[in-house]
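Quick caveat: nothing in here was measured; it's all calculated off a predicted structure. Heads up: numbering here begins at 1 and tracks the sequence. Any value given below was found using the heavy atoms of this structure, including those in side chains, with hydrogens, waters and symmetry copies removed.
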Amino acid sequence: MVETSIHEAFLRRLNEAPEAPVAICAEREWSVGDLHRLTDALVPRLRAAGLGPGQLVSLEAPSGPGFLGAFLALRRVGCAALLLGTGLAASEAREIRRRLGTRGRLAAPPWPETVEDLELAAENPEHPADLEPDIAVVKLTSGSTGTPRGILVSGAALLADDRALASSMELRDDERILVAVPMAHSYGLASVALPALVRPSTLILPAGGNPFAALQAGHRHGATFLPTVPAYLQALLKKQEPPPWPETLRLTITAGAPLLPETARRFRQAYGRSIHVFYGSSESGGITYDRRGDAGERGSLGTPVTGVEIELEAAGGAPGGDRGLVTVRSPAVARAYLDRDTEVNGDPELPSSNLHAPNLHDGCFRTNDLAELRGGELFLLGRVDDVINIKGKKVHPREIEAVLRRQPGVDDAAVLAVERPGGGELLRAVVASTDREIDQESVQAWCRRHLAAHKVPRSLILLPALPRTDRGKLDRRALYRLEDGLSAEDQRG
């Protein structure tokens with residue numbers, strides 16, 4: 001049986017086992033019935049605030065039953081949830097709500113005692129979003145200028161993605177999912193929140209701020225499935241004695257950023273287990289998955305997720321054969337962008353819920369990722385918008401980063417273009433290392449041995465670790481804010 005809505009799928013779970021646990025932590029446990037009662041109590045408050053079908057409401061909640069109940073209630077009344085989470089500054093969140101035209105703001109703690117613990121405020125934007133009632137969520141992404149854009153995703157697309165991932169990853173209905181990525185992000189929504197709502201899975205939430213609390217909770221509650229990010233695995237492996245791995249944890253996947261082959265190898269050596277690579281996007285849901293568990297060590301992203309068709313396009317949209325831009329077609333692709341940028345819309349007064357961008361339309365999404373297919377597996381080569389022009393020659397930062405990571409003592413690296421004082425661009429490398437033998441001279445000597453002269457970074461910053469967002473992605477804004485010219489000693493600390 002295929003449900004037609006997320007709420008319908010949840011009701012089936014409720015009818016089958018209302019006392020089954022939906023979320024647990026060291027001191028608390030919520031049943032499916034508890035979640036239903038919170039939703040039931042919140043729905044009248046939403047309606048009394050004048051919120052209903054086609055309206056956009058920001059959902060600002062950390063991972064937990066509060067997020068799940070708030071999301072379900074919004075779907076019950078036909079509202080779309082703008083997934084803001086809790087990581088933004090208050091002024092930044094207000095500006096995003098204003099730009100995208102939210103009619104309300106809903107904030108929830110992870111474990112609300114009563115419905116009164118949830119904060120609900122109606123809003124009266126100058127240009128309110130007017131969405132189709134089947135739009136379930138608006139995910140956030142940034143355009144080339146960094147201005148937030150909304151991605152309109154229907155409930156049907158979310159359910160299609162859930163079915164495809166469950167099939168590809170051979171997930172069981174009774175998985176005990178260790179929550180280590182935020183539910184408000186696309187990756188966490190698909191791999192953590194949706195399975196708890198539409199399938200009889202149980203969420204295990206870590207307690208406290210200990211970075212290794214997730215593994216402790218996994219031991220305590222018998223976790224079976226862990227979606228995580230490469231930065232977390234790297235942090236584990238940096239410890240002199242990596243913490244023990246839960247015996248019950250049979251499947252670990254990583255997404256959100258590239259998994260370095262060295263990290264994958266070191267993890268297998270430390271724990272005797274494999275990391276399965278998962279590649280997707282906010283616009284398309286899951287794209288590829290490493291079913292065998294060895295792709296990460298070879299730099300591969302695995303093979304297409306069930307029901308996903310991949311084509312590689314050359315410049316101009318022509319088929320690119322085995323190399324080109326990754327283009328995805330699947331039932332999980334988003335509907336359109338919600339974008340109030342006048343450079344895109346032309347007129348912010350006009351409704352923008354039906355904005356179709358050239359790269360997102362009719363169940364098809366063209367990424368900015370350059371890749372090639374080898375034996376049916378996908379290998380990323382970089383991003384088309386990352387290409388840097390150095391004195392008339394094109395440079396791919398990913399090529400230089402790969403060379404830097406091969407240098408003994410280097411943990412990670414990022415390469416970007418910065419403005420040259422006299423005009424033009426120069427290459428800057430930000431290198432992560434805790435090895436005292438790594439300095440500017442040794443890094444540039446390594447690059448000169450392995451790269452053409454125009455590819456050797458002229459600027460270098462050394463750090464103990466690269467800055468990352470709470471999604472585990474490289475924080476490029478933070479990279480551009482770094483100051484050059486410091487000594488290696490100063491830059492380390």
Side-chain angles (χ1 to χ4, degrees), residues 3-24 28-49 51-86 102-120 131 133-139 153-159 161-162 177 179 182-186 188-203 205:
E3 284 76 23
T4 58
S5 73
I6 293 169
H7 179 236
E8 180 182 288
F10 176 73
L11 287 181
R12 179 170 63 86
R13 178 170 189 190
L14 176 71
N15 292 333
E16 290 176 352
E19 299 307 317
V22 70
I24 57 178
R28 305 186 186 202
E29 179 174 313
W30 269 51
S31 69
V32 178
D34 292 331
L35 189 57
H36 179 64
R37 284 185 283 274
L38 175 66
T39 304
D40 259 359
L42 182 55
V43 164
R45 290 184 61 192
L46 293 171
R47 288 177 173 151
L51 298 171
Q55 296 181 345
L56 182 61
V57 176
S58 69
L59 175 52
E60 303 174 23
S63 298
F67 176 95
L68 297 176
F71 176 66
L72 274 177
L74 290 173
R75 293 312 302 140
R76 283 265 298 274
V77 301
C79 289
L82 172 61
L83 302 179
L84 284 190
T86 58
T102 57
R103 297 289 190 97
R105 172 182 176 270
L106 181 57
W111 300 86
E113 297 293 339
T114 71
V115 71
E116 301 301 324
D117 290 339
L118 280 71
E119 299 177 23
L120 175 62
L131 309 180
D134 67 331
I135 297 299
V137 298
V138 175
K139 302 176 183 178
V153 186
S154 69
L158 292 178
L159 288 171
D161 195 39
D162 176 75
I177 303 172
V179 181
M183 294 181 188
H185 298 158
S186 182
L189 182 71
S191 60
V192 175
L194 261 294
L197 294 177
V198 307
R199 289 186 276 117
S201 299
T202 302
L203 303 183
L205 284 102

From [X] [atom1] over to [Y] [atom2], what is the distance, rounded to the nearest 0.5 angstrom?
X      : Y      : atom1 : atom2 : answer
Asp134 : Ser5   : CG    : OG    : 11.0 Å
Arg37  : Leu42  : CZ    : CG    : 15.0 Å
Gln55  : Leu46  : CD    : CG    : 10.5 Å
Leu56  : Leu74  : CG    : CG    : 9.5 Å
Leu38  : Leu72  : CG    : CG    : 9.0 Å
Leu189 : Lys139 : CG    : NZ    : 6.0 Å

Search all heavy atoms of [X] against all heavy atoms of [Y] and return the closest pair with its distance.
X      : Y      : result
Pro195 : Ile177 : CB-CD1, 3.7 Å
Leu158 : Ala136 : CD1-CB, 4.0 Å
Pro65  : Ala23  : CG-CB, 3.9 Å
Pro53  : Pro133 : CB-CB, 4.4 Å
Ala184 : Ala61  : CB-O, 4.5 Å
Ala108 : Pro62  : O-CD, 3.2 Å

Could you tell me whether Arg28 and Glu113 have a side-chain N and a carboxylate O separated by less than 4.0 Å? yes
Between Glu8 and Arg12, does any side-chain N to carboxylate O distance fall below 4.0 Å? no
So, do [X] and [Y] sit near enough that their side-chain heavy atoms are less than 4.5 Å apart?
X      : Y      : value
Arg105 : Glu119 : yes
Thr102 : Val57  : no
Val43  : Val77  : yes
Asp161 : Val153 : no
Leu68  : Met183 : yes
Leu35  : Leu197 : yes
Arg199 : Leu194 : no
Phe71  : Val137 : yes

If only side-chain N and O atoms count, and only distance matters, is there a donor-acceptor pair under 3.5 Å linking Glu116 with Thr114? no
For [X] and [Y], indicate whether the former's side chain and the latter's backbone hold a donor-acceptor pair under 3.5 Å.
X     : Y      : answer
Arg45 : Leu118 : yes
Ser31 : Pro21  : no
Arg13 : Ala196 : yes

Evaluate side-chain contact (heavy atoms from CB on, under 4.5 Å) for Arg75 paired with Phe10, printing each intermediate quantity in order. CA-CA 11 Å; Arg75 293 312 302 140; Phe10 176 73; over 6 Å; no
Passes side-chain contact (heavy atoms from CB on, under 4.5 Å), Thr39 versus Arg76? Steps please. CA-CA 9 Å; Thr39 304; Arg76 283 265 298 274; 3.5 Å; yes
Criterion side-chain contact (heavy atoms from CB on, under 4.5 Å) on Leu159 and Ile6, from CA distance to verdict: CA-CA 7 Å; Leu159 288 171; Ile6 293 169; 4.1 Å; yes
Is there a side-chain contact (heavy atoms from CB on, under 4.5 Å) between Val22 and Asp34 once you walk through the steps? CA-CA 9 Å; Val22 70; Asp34 292 331; over 6 Å; no
